[in-house]
**Q** 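The structure follows.
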2 protein chains.
Amino acid sequence: MYICPMYSSELLKGTLKTIVLNLLKEQGKMYGYEITQRVKMLSSDKIQITEGALYPLLHALEKQGDVTTHEEFIGKRVRKYYSLTEKGTVSANEKVNELSDFMLTLRFLLNLDSTSANG
Amino acid sequence: MYICPMYSSELLKGTLKTIVLNLLKEQGKMYGYEITQRVKMLSSDKIQITEGALYPLLHALEKQGDVTTHEEFIGKRVRKYYSLTEKGTVSANEKVNELSDFMLTLRFLLNLDSTSANG
DNA sequence: CATTATACATAAGAAAGTTATGTATATTTG
DNA sequence: CAAATATACATAACTTTCTTATGTATAATG
């Protein structure tokens with residue numbers, strides 16, 4: 001039985017903000033826990049965002065005006081929803097474009113542009 | 001006139017070791033300065049490895065047995081060449097595979113798998 | 001001869017994560 | 001129904017891995 005390993009933690013550094021901004025752009029609004037679960041699912045458990053990484057990032061994004069928040073109560077428990085501002089939408093696009101470009105450069109640097117099939 | 005910007009520094013984090021190991025695998029042996037110049041060239045100046053990042057990394061790789069070194073003198077000036085050990089070759093392959101896989105996951109997460117042409 | 005390029009090295013600081021801990025409510029399970 | 005797990009937030013201490021700054025020295029160039 002094959003256990004799918006997580007990526008080494010260095011790899012997530014530098015891409016986490018882009019991932020979060022892009023999810024918010026696609027989903028409209030999300031709360032923190034939801035983001036961790038969605039990334040976990042979409043990555044087949046290979047990317048698990050820790051709360052210690054996510055919440056400080058969301059707070060920073062709010063502080064610099066990329067997102068706004070509103071709270072909703074589910075019974076007695078609060079959910080804090082985050083949505084992109086206009087500035088945040090611009091940031092999201094810029095970040096995704098930069099990362100996309102960076103990955104192209106990396107593929108070239110690492111000679112991963114094989115046109116033939118590979119395993 | 002378009003000035004090609006460098007990638008934001010977070011992006012290089014996590015990929016530097018992979019880049020260096022892969023270059024050594026392809027080139028057989030390289031010295032530090034040569035690595036910085038080659039990456040700069042291959043990336044059209046968009047990735048510039050700083051010496052403060054590279055040399056400590058090379059020393060760490062040597063310490064953990066991924067590379068061996070030998071010095072050559074060019075006139076009075078020394079060049080320290082680095083080559084992969086067997087262990088280092090395994091590390092290089094593992095690292096490249098992991099990064100390649102990670103990039104696939106990212107493309108999926110960020111919805112970059114467009115089959116149509118894009119700009 | 002002054003500047004730039006080559007070539008190494010390391011220390012101080014910043015950025016961005018992980019790990020650990022804390023609080024509290026909701027749901028599932030034995 | 002009690003205990004365990006899941007949901008949901010938050011923050012502090014620590015680590016890793018860069019950047020920035022500094023230092024030394026030789027070679028080439030204008």
Side-chain angles (χ1 to χ4, degrees), chain A residues 5-21 29-41 43 45-64 66-67 69-82 95 98-99 102, chain B residues 5-21 29-41 45-64 66-67 69-82 95 99 102:
Chain A
M6 283 192 52
Y7 299 118
S8 45
S9 64
E10 317 96 71
L11 285 179
L12 190 60
K13 293 193 185 187
T15 61
L16 179 57
K17 187 186 290 185
T18 307
I19 291 170
V20 169
L21 287 172
K29 68 173 188 179
M30 296 183 84
Y31 57 99
Y33 186 77
E34 186 184 12
I35 293 174
T36 66
Q37 296 309 298
R38 187 162 183 83
V39 169
K40 183 174 146 80
M41 185 196 66
S43 70
D45 292 10
K46 288 187 284 188
I47 299 178
Q48 293 191 33
I49 301 178
T50 60
E51 295 168 299
L54 182 63
Y55 290 116
L57 170 61
L58 289 172
H59 300 162
L61 288 173
E62 186 178 15
K63 197 170 180 181
Q64 67 196 41
D66 281 323
V67 300
T69 65
H70 78 273
E71 298 190 342
E72 287 182 19
F73 277 84
I74 310 298
K76 287 183 181 174
R77 195 160 56 189
V78 70
R79 274 184 192 167
K80 198 166 168 185
Y81 277 96
Y82 291 83
K95 279 286 182 187
E98 185 190 28
L99 181 52
F102 181 68
Chain B
M6 282 191 52
Y7 299 118
S8 45
S9 64
E10 317 95 72
L11 285 179
L12 190 60
K13 294 194 184 187
T15 62
L16 180 57
K17 187 186 288 184
T18 307
I19 291 170
V20 169
L21 287 172
K29 68 174 188 180
M30 296 183 85
Y31 56 99
Y33 187 75
E34 185 185 14
I35 293 173
T36 66
Q37 296 309 298
R38 187 163 184 82
V39 170
K40 182 172 145 79
M41 185 196 66
D45 292 9
K46 287 186 284 189
I47 300 177
Q48 294 191 32
I49 300 179
T50 61
E51 294 167 300
L54 181 63
Y55 290 117
L57 170 62
L58 289 171
H59 301 161
L61 288 174
E62 186 178 16
K63 198 170 179 181
Q64 66 195 44
D66 281 323
V67 300
T69 64
H70 78 273
E71 297 189 341
E72 287 183 19
F73 277 85
I74 309 299
K76 287 182 181 175
R77 195 161 53 189
V78 72
R79 274 185 192 165
K80 197 164 168 187
Y81 277 95
Y82 291 82
K95 279 285 181 187
L99 181 52
F102 181 66

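Within every chain, numbering begins at 1; the chains are lettered A, B, ... in the order of the sequence lines, protein sequences first and strands thereafter. This one's a predicted model, so the numbers in the text were calculated from it and none came from an experiment.
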**Q** Mind listing the closest non-hydrogen atom pair of Thr18(A) and Gly14(A) along with its distance?
**A**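 Smallest heavy-atom distance, with atoms named: OG1-O, 4.2 Å.
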**Q** Can you name the side chain to side chain contact (heavy atoms under 4.5 Å, CB included) partners of Lys29(A), sequence neighbours left out?
**A**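 Partners of Lys29(A) by the side chain to side chain contact (heavy atoms under 4.5 Å, CB included) criterion, ordered by chain and then number, come out as His70(A), Glu72(A), Tyr81(A), Ser83(A).
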**Q** Using the rule given for side-chain contact (heavy atoms from CB on, under 4.5 Å), can you reason through Val67(A) versus Leu58(A), listing the C-alpha separation, both sets of side-chain angles and the distance that settles it, and then say yes or no?
**A** CA-CA 8 Å; Val67(A) 300; Leu58(A) 289 172; 5.6 Å; no
**Q** Considering non-hydrogen atoms only, spot the tightest contact between Thr36(A) and Ile49(A) and give its length.
**A**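 What the structure gives for the nearest pair is CG2-O, 3.7 Å.
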**Q** Need to verify one output field. Residue with the more 5' nearest nucleotide on DNA chain D, Glu71(A) or Leu16(B)?
**A**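 Result: Glu71(A).
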**Q** Taking only residues two or more places apart in sequence, or in another chain, which ones meet Ser8(B) in a side chain to side chain contact (heavy atoms under 4.5 Å, CB included)?
**A**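 Checked Ser8(B) against side chain to side chain contact (heavy atoms under 4.5 Å, CB included); matches are Lys95(A), Glu98(A), Glu10(B), Leu11(B).
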**Q** In residues 30-38 of chain B, which ones come under 4.0 Å of DNA chain D, going by heavy atoms?
**A**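 Close to the strand, none.
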**Q** Which residues, if any, of residues 47-57 of chain B bring a heavy atom under 4.0 Å of DNA chain C?
**A**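 Heavy-atom cutoff 4.0 Å gives Glu51(B), Gly52(B), Tyr55(B), Pro56(B).
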**Q** How would you list, by chain and number, every residue that makes a side-chain hydrogen bond (donor to acceptor under 3.5 Å, both in side chains) with Gln64(B), sequence neighbours excluded?
**A**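 Result, side-chain hydrogen bond (donor to acceptor under 3.5 Å, both in side chains) vs Gln64(B): Asp66(B).
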**Q** Rounded to whole angstrom units, what separation is found between the CG atom of Leu61(A) and the P atom of dA16(C)?
**A**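 Taking atom P of dA16(C) as the reference, CG of Leu61(A) is at 11 Å.
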**Q** Might you list the N or O atoms of the protein lying below 3.5 Å from N or O atoms in nucleotides 24-26 of chain C, with each pair's distance?
**A**
from, atom 1, to, atom 2, distance (Å)
dT25(C), O2, Arg77(A), NH1, 2.5
dA26(C), OP1, Lys76(A), N, 3.0
dA26(C), O4', Arg77(A), NH1, 3.4

**Q** Could you tell me the separation between the CG atom of Leu11(B) and the P atom of dA15(C), rounded to a whole number of Å?
**A**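 My rounded result for the distance is 16 Å.
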**Q** Looking at Leu54(B) and Gly32(B), what are the two nearest heavy atoms and their distance?
**A**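 Answer, listing the atom of Leu54(B) first, then Gly32(B): CD2-O, 3.2 Å.
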**Q** So, using side chain to side chain contact (heavy atoms under 4.5 Å, CB included) as the criterion, who are the partners of Arg38(A) when residues are at least two apart?
**A**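 Expected list: Leu23(A), Gln27(A), Met30(A), Met41(A), Leu42(A).
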**Q** Name all residues meeting the ring-ring contact (aromatic ring centres under 6.0 Å, His included) criterion together with Tyr7(B); count only those two or more places apart in sequence or in a different chain, and write none if there are none.
**A**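 If we apply the ring-ring contact (aromatic ring centres under 6.0 Å, His included) test to Tyr7(B), skipping adjacent residues, the hits are Phe102(A).
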**Q** Checking Tyr33(A) now: which residues fulfil side-chain hydrogen bond (donor to acceptor under 3.5 Å, both in side chains) with it, not counting sequence neighbours?
**A**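 Applying side-chain hydrogen bond (donor to acceptor under 3.5 Å, both in side chains) to Tyr33(A) gives none.
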**Q** According to side-chain hydrogen bond (donor to acceptor under 3.5 Å, both in side chains), who are the partners of Tyr55(B), at least two apart in sequence or on a separate chain?
**A**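 Tyr55(B) satisfies side-chain hydrogen bond (donor to acceptor under 3.5 Å, both in side chains) with no other residue.
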**Q** Which nucleotide of DNA chain D is the first, and which the last, in the 5' to 3' direction, to come under 4.0 Å of a heavy atom belonging to chain B?
**A**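 Contact boundaries, 5' end first: dT17(D) to dA27(D).
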**Q** For Tyr81(B) and Lys17(A), find the nucleotide of DNA chain C closest to each by heavy atoms; which residue's nucleotide sits nearer the 5' end?
**A**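 It is Tyr81(B), whose closest nucleotide lies nearer the 5' terminus.
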**Q** Testing the basics here: between Gln48(A) and Lys40(A), what is the closest heavy-atom pair and its distance to 0.1 Å?
**A**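 Nearest heavy atoms, Gln48(A) then Lys40(A): NE2-NZ, 3.8 Å.
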**Q** Just to verify, what does Thr69(A) make a side-chain hydrogen bond (donor to acceptor under 3.5 Å, both in side chains) with, not counting sequence neighbours?
**A**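 Thr69(A) satisfies side-chain hydrogen bond (donor to acceptor under 3.5 Å, both in side chains) with Glu62(A) only.
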